[in-house]
Amino acid sequence: MCSFNHKVYDSFMAPIERNRLQQKRKLLLEEVAGDVLEIGFGTGANVKQYSYEQLDSLTLVDQQLPDYIDLRPVPKKLPVEVIKGDVMWLPFEDEQFDSVVFTLLFCTVEDPAKGFEEIRRVLKPEGRIYFIEHVEPVEQPYKYLFNKLTPAWRRIAHGCTLNRDTVHAIQRAGFTLVEYHRFYRSSFVSGVAAKV
């Protein structure tokens, strides 16, 4: 997630969250199952969207742990762990998770290739990744604007890069896209990919 102060980030994202992202999160996460790792959980926007009867465990990792995360939607019997960590150096054994979830994370990852390498390492052979990311739009004038604004935006938003091509980065890392969809003037992508 872009590294704003958590309260500022939530306020900034609230209109997009209400109008687009909340529904996309729900649709994406209803298939997540098994031992689940969510990286960059931020303020916990995904926590209420999981189908918990399909989960065996939930591990939440973020570089900046918020003061508070609402875990009330999580059943008390489900093992949950909240850890401070970085996608480029995940503190887990190889092939530990069935599903890895990340939403609005890779805009600020310094070395996306290293991040995806780590995700592949901790994902089981038949595992899948579930993602929502903002990316370089394909539609004009948005593509032009995102490219023009990115240098200044990176300084303002702690390294948040508006014009990443995260879908191709996922494919280059050795994942096969099962499905993906662009939305919100093609500036966001939601998808599922399998480890191959």
Side-chain angles (χ1 to χ4, degrees), residues 1-3 6 9 21-22 24-66 68-134 164 166-167 169-180 189-196:
M1 179 190 318
C2 300
S3 333
H6 287 113
Y9 183 82
L21 288 179
Q22 193 172 52
K24 293 293 183 182
R25 289 178 197 276
K26 185 171 182 54
L27 289 171
L28 177 71
L29 300 177
E30 66 187 6
E31 299 297 323
V32 173
D35 292 311
V36 177
L37 170 64
E38 182 178 340
I39 308 166
F41 69 87
T43 56
N46 292 329
V47 168
K48 57 186 164 215
Q49 305 298 346
Y50 289 108
S51 298
Y52 282 104
E53 63 278 2
Q54 300 173 168
L55 272 59
D56 297 324
S57 69
L58 178 61
T59 303
L60 302 170
V61 174
D62 203 299
Q63 280 188 325
Q64 297 177 311
L65 297 183
Y68 172 75
I69 178 170
D70 185 0
L71 295 175
R72 286 176 296 179
V74 182
K76 287 186 172 36
K77 63 181 181 179
L78 185 75
V80 177
E81 195 170 7
V82 179
I83 298 172
K84 186 172 182 176
D86 188 308
V87 68
M88 294 187 292
W89 299 278
L90 293 170
F92 306 111
E93 299 293 325
D94 293 357
E95 300 181 356
Q96 187 172 335
F97 297 98
D98 299 290
S99 305
V100 175
V101 174
F102 51 92
T103 57
L104 309 181
L105 169 69
F106 273 87
C107 59
T108 57
V109 174
E110 188 178 322
D111 184 349
K114 173 65 176 159
F116 286 119
E117 181 183 310
E118 276 291 274
I119 289 172
R120 272 186 64 81
R121 181 184 65 76
V122 301
L123 195 62
K124 292 179 182 176
E126 302 299 317
R128 290 187 169 194
I129 61 173
Y130 299 80
F131 60 92
I132 296 173
E133 292 289 332
H134 69 74
R164 288 250 164 103
T166 303
V167 173
I170 289 168
Q171 292 174 301
R172 283 191 302 271
F175 292 94
T176 298
L177 290 172
V178 175
E179 63 178 89
Y180 83 99
V189 65
S190 170
V192 180
K195 183 177 176 180
V196 293

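If you're wondering where the values come from, they're calculated on a predicted model, not measured in any experiment.
- To the nearest 0.5 angstrom, I170 atom CD1 is 4.5 Å from I129 atom CD1.
- Within 6.0 Å of the CD atom in E110, the count of heavy atoms belonging to other residues, nucleotides or ligands does not exceed 12.
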Worksheet item: Given the rule in the side chain to side chain contact (heavy atoms under 4.5 Å, CB included) test, do M88 and V109 qualify, once you have shown the distances and angles that lead to the verdict?
Response: CA-CA 8 Å; M88 294 187 292; V109 174; 4.1 Å; yes

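- By the 4.5 Å heavy-atom criterion applied to side chains, F175 and L123 are counted as neighbours.
- With a 4.5 Å cut-off on side-chain heavy atoms, L71 and L60 count as touching.
- Remark: side-chain polar atoms of Q22 are not paired, donor with acceptor, to backbone N or O of A45 under 3.5 angstrom.
- Minimum heavy-atom separation, V61 to L37: CG2-CD1, 3.6 Å.
- With rounding to the nearest 0.5 angstrom, the NZ atom of K26 is 11.0 Å from the NZ atom of K48.
- A heavy-atom distance below 4.5 Å is not found between the side chains of E133 and R164.
- With contacts defined as side-chain heavy-atom distances shorter than 4.5 Å, the pair F106/V87 qualifies.
- Between S51 and L55 the shortest heavy-atom distance is O-CD1, 3.5 Å.
- A heavy-atom distance below 4.5 Å is not found between the side chains of E31 and V192.
- Heavy-atom minimum distance, A169 versus F116: CB-CE1, 3.8 Å.
- Residues R121 and E118 have side chains in contact (heavy-atom distance under 4.5 Å, counting atoms from C-beta outward).
- More than 12 heavy atoms of other residues, nucleotides or ligands lie within 6.0 Å of CD in E53, so this atom counts as buried by the packing criterion.
- L90 places none of its side-chain heavy atoms less than 4.5 Å from the side chain of F97.
- When every heavy atom of D35 is checked against every heavy atom of K124, the shortest pair comes out as OD2-NZ, 3.7 Å.
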Worksheet item: Between I83 and F92, does a side chain to side chain contact (heavy atoms under 4.5 Å, CB included) hold up when you go through it step by step?
Response: CA-CA 11 Å; I83 298 172; F92 306 111; 3.7 Å; yes

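- Rounded to the nearest 0.5 angstrom, K195 NZ and E95 CD are separated by 4.5 Å.
- Salt bridge status for E117 with R120: absent, with no side-chain N to carboxylate O gap under 4.0 Å.
- Nearest approach of D62 to L65, heavy atoms of both residues: O-CD2, 3.9 Å.
- Nearest heavy atom pair, residue L104 against residue R25, reads CD1-NH2, 4.2 Å.
- Rounding to the nearest 0.5 Å places CG of L28 at 15.0 Å from OH of Y180.
- Relative orientation of the F131 and F102 rings is parallel, given thresholds of 30° and 60° on the angle between their planes.
- In this structure, K24 NZ and T103 OG1 are separated by 14.0 Å, a value rounded to the nearest 0.5 Å.
- Taking CD of E38 as the reference point, atom CG of L58 lies at 7.0 Å (rounded to 0.5 Å).
- In terms of modelled atom types and a separation under 3.5 Å, the side chain of S99 and the main chain of A33 share a donor-acceptor contact.
- Residues D70 and V47 fail the side-chain proximity criterion, which asks for heavy atoms closer than 4.5 Å.
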Worksheet item: Stepwise, does the side chain to side chain contact (heavy atoms under 4.5 Å, CB included) test hold for V178 with T176?
Response: CA-CA 6 Å; V178 175; T176 298; 5.8 Å; no

